[in-house]
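Below: one structure, written as structure tokens.
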Amino acid sequence: MNTTFSIEEPIMSETVSAQARPPRPPGATAALVLNDGTVYWGRGVGATGTQVGEVCFNTSITGYQEIMTDPSYAGQIINFTFPHIGNVGANPEDTEAVTAAARGLVIRTDITDPANWRAIEGFDAWLKKYNLIGLAGIDTRALTRRIRDKGPPNGAIIHAPDGNIDIDALLAEAQAWPGLEGMDLALEVSCRQTYEWAQTRWSLGGGYGTLDAQKRHVVAVDYGAKHNILRTLAANGCRVTVVPATATAEEILRHEPDGIFLSNGPGDPAATGEYAVPVLQELLETGKPIFGICLGHQLLSLAIGGTTTKMTNGHRGANHPVKDLETGKVEITSQNHGFRVEPESLPKNAVVTHVSLFDGSNEGFRLTDKPVFSVQHHPEASPGPQDSNYLFERFVRLIDERSAEKGAK
Ligand SMILES: NC(=O)CC[C@H](N)C(=O)O
């Protein structure tokens, strides 16, 4: 690990077009090759090998462990806009899944020795453990501007400590990769078997807790669920049964849930919708409370007849303002999505409840005739602000109201 901390850490090479490929700088052990032939040389960090995926950027300043383990990043290489990634090291608590589904990461400065009381190892060692390939010394600003102006390209990365790097082979890989549109990745990251979840949210001094009073039972459909969603459900008094993405409506209802949760997840919602939508349509018929987040929001929109499209630039960061149209309040949100719901495609019984103040795109809706709502952003944060936590309370209220109604009958 490089132990020198310096913002002046040299960038390996600037953005250069295919016509004028940059010569390999001395010491280069890694490269990123975009499908248009652009080459970025770098210094390898983390695991070795090659990977191919969509290159997107995330603007979060903290939370790199949570971002790298968010299953929604399957099929993606993350370019961090914040220059000092890795400087607080790594700990065993700040993870959102048992394994990492992201394809790799691109960072500006070399990883330094950790400076944080919670760190038990350096970020480089942690990346190796999670089999994540990284490149340091990249002009991440230039790459971000390129993604902002032209949309996220497909690219191939390599970390080869022996310097054995074949740019043409990487270019061919990047060009042959079909891209995220039309790709179902939920099956790759979903759990294989049903399991119970009881861990609650982390607290300073207390770590993660467990829940004693489990008043409500929620079945969470795992399209690639972040653990902090499950933790937040548990912290709100829910016993959570997590079922695979392929669970049928009958399998879900056999657990007799008081409410149903639809998780976040990677890939194109239209592709996942091929098997998820018929199940959701059956679940909607039951009148049970349903809450969806991100991919869950997109799948719910498809189930009621809406459409989703790929965005030119997705939303990935921890400072995105979203307006709750029903209260007029603005919440600062955590985001990670590259597809969006087209609000004009939604049926009359769907009311748009949230909108992005960055680009006006849809961030949420609710149904007027059923206890059903969903949001595009990530109210569980991790990383990010907790302004939107109230949405979990709203879900629990819907569950309690329905239970009270049933009890009164
Ligand atoms: N975080 C998510 O659930 C992402 C949803 C979807 N894969 C998208 O990119 O839009």
Just checking, is any N or O donor in the side chain of [X] or [Y] under 3.5 Å from an acceptor N or O on the other one?
X: Q65; Y: Y130; answer: no
X: N336; Y: D70; answer: yes
X: S382; Y: E380; answer: no
X: T144; Y: N79; answer: yes

Decide if atom [atom1] of [X] counts as having more than 12 heavy atoms of other residues, nucleotides or ligands within a radius under 6.0 Å.
X: R141; atom1: CZ; value: no
X: E250; atom1: CD; value: no
X: D166; atom1: CG; value: yes
X: E196; atom1: CD; value: yes

Check: [X] side chain, [Y] main-chain N or O, donor-acceptor pair, under 3.5 Å:
X: E274; Y: A271; answer: no
X: Y64; Y: G89; answer: yes
X: H255; Y: P257; answer: no
X: S263; Y: V221; answer: yes
X: N264; Y: K226; answer: yes
X: N349; Y: D369; answer: no
X: T286; Y: L283; answer: yes
X: T109; Y: P83; answer: yes
X: N313; Y: G151; answer: no
X: T248; Y: E251; answer: yes

Is there a side-chain contact between [X] and [Y] (heavy atoms, below 4.5 Å)?
X: I399; Y: V218; result: yes
X: Y195; Y: C191; result: yes
X: T353; Y: L325; result: no
X: V242; Y: L230; result: yes
X: Q76; Y: V55; result: no
X: T246; Y: L187; result: yes
X: P153; Y: I147; result: yes
X: D184; Y: D268; result: no

[X]/[Y] ion pair, N-O < 4.0 Å:
X: K323; Y: E363; result: no
X: E393; Y: R397; result: no
X: R340; Y: E342; result: yes
X: E96; Y: R231; result: yes
X: K129; Y: E121; result: yes
X: R146; Y: D36; result: yes
X: D110; Y: R43; result: yes
X: R145; Y: D149; result: no
X: D94; Y: R118; result: yes

- Message: Using ring centroids (six-membered ring only for Trp), state whether H377 and H320 fall under 6.0 Å.
- Response: no
- Is the distance between the ring centroids of H297 and F365 under 6.0 Å?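 Yes, close enough.
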- Task: Under the side-chain contact (heavy atoms from CB on, under 4.5 Å) rule, what do I158 and L170 come out as? Steps first, then yes or no, please.
- Result: CA-CA 8 Å; I158 186 166; L170 291 165; 3.5 Å; yes
Measure the spacing between [atom1] of [X] and [atom2] of [Y] and express it to the nearest 0.5 Å.
X: I157; Y: L34; atom1: CD1; atom2: CG; value: 11.5 Å
X: S403; Y: L398; atom1: OG; atom2: CG; value: 10.5 Å
X: W177; Y: R103; atom1: CH2; atom2: CZ; value: 5.5 Å
X: L180; Y: N154; atom1: CG; atom2: CG; value: 7.0 Å

Describe, in one word, how the ring planes of [X] and [Y] are oriented to each other, choosing from parallel (under 30°), tilted (30 to 60°) and perpendicular (over 60°).
X: H227; Y: W197; result: tilted
X: F392; Y: F291; result: perpendicular
X: F123; Y: W126; result: parallel

Restricting to non-hydrogen atoms, name the atom on [X] and the atom on [Y] that form the minimum distance, rounded to 0.1 Å.
X: P371; Y: G287; value: CG-O, 3.4 Å
X: S190; Y: D222; value: OG-O, 2.6 Å
X: G306; Y: S345; value: CA-OG, 3.4 Å

- Message: I'd like to check the salt bridge (Lys or Arg N to Asp or Glu O under 4.0 Å) partners of D400; sequence neighbours left out, ordered by chain and number.
- Response: R216
- Message: Evaluate T333 against Q335 for side chain to side chain donor-acceptor pair (under 3.5 Å), listing each step before the verdict.
- Response: CA-CA 6 Å; T333 69; Q335 301 251 350; 3.0 Å; yes
- Under the side chain to side chain donor-acceptor pair (under 3.5 Å) test, which residues partner K310, sequence neighbours left out?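 With sequence neighbours excluded, K310 shows a side chain to side chain donor-acceptor pair (under 3.5 Å) to E54, given in chain and number order.
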- Message: My understanding is that only residues two or more places apart in sequence, or in another chain, count here; which of them pass ring-ring contact (aromatic ring centres under 6.0 Å, His included) with F80?
- Response: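 Here no residue qualifies.
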